[in-house]
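So you know, we letter chains A, B, ... as the sequences are listed, proteins then strands, and number each from 1.
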Amino acid sequence: MLVAYAAGELDLETAGALEGHLAGCPACRSLAAEQAAVWQALDAWEAPAISPDFNRRLYRRIQNEVRLSWWERLTRAFRPMPLRQALPLTATAGLLLMAGLILHRPNPVAPARPRAETVRAEQVETTLDDLELLRQFAPAGSAEGGRPDAM
Amino acid sequence: MPCKWVRSALLSLPIALMLAAAPPAMPQQRPDPLENSIDRWNRMSPEERERELAKLPPARARLIRQRLRRYNQMQPQEQQALRQRYQTFSQLPAAKQEVVRQRLREFRQLPTARQPVVHHEVEQLRLLPEDQREARLNSEEFRGRYSPQEQQIIHDLTEYLEPPK
């Protein structure tokens with residue numbers, strides 16, 4: 001409402017009510033003063049005058065655009081771009097590329113089961129000895145051990 | 001406007017890099033906790049196994065082949081119980097493993113009639129809480145019932161071969 005007030009767009013009744021409020025509210029008064037300052041500055045600003053041959057140059061340029069050959073139109077996109085325009089585009093393209101790589105990264109292939117490590121026959125023999133000892137430490141009648149047969 | 005773009009892009013870059021660097025969650029095959037050297041041996045190709053066995057004298061290699069066949073032909077339940085016990089054993093420090101081996105050999109040398117008695121005692125002691133177990137091992141009744149060698153076997157096997165809680 002303050003913006004509309006500063007722009008002079010409020011009807012008399014609403015503007016009167018707002019002014020009544022502004023009289024007792026320093027915060028809104030300050031805002032209204034700032035808005036008024038902006039509007040005054042805009043009113044005081046004068047657009048720079050265009051050159052006398054502005055229209056002529058504009059129309060010539062439009063005509064030239066129309067006359068561009070198909071090759072010029074094709075290659076225009078690849079002409080060097082000013083850094084100010086190129087940088088954000090490059091950065092955005094880079095980010096999109098990175099996001100694409102992250103989101104569409106193919107499922108990582110689970111590492112193939114490592115090649116079975118080589119176990120020495122002596123090591124197996126020791127394990128068999130231990131297993132046999134452990135197997136024999138069992139109740140005589142049990143299914144799991146206590147048997148005299150060697151493993 | 002371009003400045004805002006550049007700023008947003010530069011601010012997003014570290015986040016994107018962190019996401020890219022984070023390793024993706026990948027289903028991992030959990031190793032068998034009971035795996036022992038025989039399991040690894042069984043995974044070797046027949047050629048590799050034969051190559052290893054060929055390093056030993058033929059008679060010894062033949063015996064190992066026979067013992068492996070018997071182990072692999074064990075009932076699954078029986079084999080699983082044995083693997084479990086071996087796992088407990090193999091996690092002991094080498095010195096304790098040697099003590100257990102010695103006690104098991106001594107157990108095997110006990111008179112056949114004494115073996116189930118000693119085994120039963122070990123099983124009973126394993127069921128007891130620590131303090132009660134100690135009390136039992138130090139009781140007159142225990143000492144009167146078992147020879148010093150049997151007491152040692154019972155003590156060490158109860159302590160070292162206790163399955164993990």
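Considering OG1 of A:Thr118 and CD of B:Glu48, their distance stands at 5.0 Å, rounded to 0.5 Å. Distance check, rounded to the nearest 0.5 Å: CD of A:Glu117 to CH2 of B:Trp41 gives 12.5 Å. The distance from the CD atom of A:Glu132 to the CG atom of B:Leu104 is 11.5 Å, given to the nearest 0.5 Å. Atom OH of B:Tyr71 sits about 8.5 Å away from atom CG of A:Leu128, to the nearest 0.5 Å. Rounded to the nearest 0.5 angstrom, B:Ser37 OG and A:Glu122 CD are separated by 11.5 Å. Remark: B:Arg40 CZ to A:Arg120 CZ distance equals 11.5 Å, nearest 0.5 Å.
Around CD1 of A:Ile62, the count of heavy atoms belonging to other residues, nucleotides or ligands within 6.0 Å exceeds 12.
Taking 4.5 Å as the heavy-atom cut-off, the residues of residues 54-61 of chain B that approach chain A are B:Leu56, B:Arg60, ordered by number.
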Verify side chain to side chain contact (heavy atoms under 4.5 Å, CB included) between B:Met44 and A:Val119, making sure each step is shown before the conclusion.
-> CA-CA 8 Å; B:Met44 285 161 59; A:Val119 183; 4.0 Å; yes
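Both A:Ile50 and A:Tyr59 are members of a single hydrophobic cluster when ILVMFWY side chains are connected at heavy-atom separations under 4.5 Å. Cluster membership for B:Leu82 and B:Leu92, using ILVMFWY side-chain heavy atoms within less than 4.5 angstrom, is shared. Cluster membership for A:Leu12 and A:Tyr5, using ILVMFWY side-chain heavy atoms within less than 4.5 angstrom, is not shared. No chain of hydrophobic side-chain contacts below 4.5 Å, direct or via other Ile, Leu, Val, Met, Phe, Trp or Tyr residues, connects A:Leu22 to A:Val38. Cluster annotation: A:Phe137 is not connected to B:Leu34 through the hydrophobic network of ILVMFWY side chains, with a link wherever side-chain heavy atoms come within less than 4.5 Å.
At least one side-chain heavy atom of B:Ile38 sits less than 4.5 Å from a side-chain heavy atom of A:Leu131. Considering only heavy atoms from C-beta on, A:Leu133 stays 4.5 Å or farther from B:Phe89 through its side chain.
Taking 4.0 Å as the cut-off between side-chain N and carboxylate O, B:Arg67 and A:Asp129 count as a salt-bridged pair.
Neither the backbone nor the side chain of B:Arg49 comes within contact range of chain A; no heavy atom of the residue lies under 4.5 Å from a heavy atom of that chain. Proximity to chain A (any heavy atom under 4.5 Å) is restricted, for B:Arg108, to the side chain, taken from C-beta onward. The contact between B:Tyr86 and chain A is made by backbone and side chain atoms together, counting heavy-atom distances below 4.5 Å.
In terms of heavy atoms, B:Arg101 sits closest to A:Asp130 at NE-OD1, 2.6 Å. Across every non-hydrogen atom of B:Arg85 and A:Leu134, the tightest pair is NH1-O, 2.6 Å.
The side chain to side chain donor-acceptor pair (under 3.5 Å) pairs that include a residue from residues 20-42 of chain A number zero, where partners must be two or more places apart or lie in different chains.
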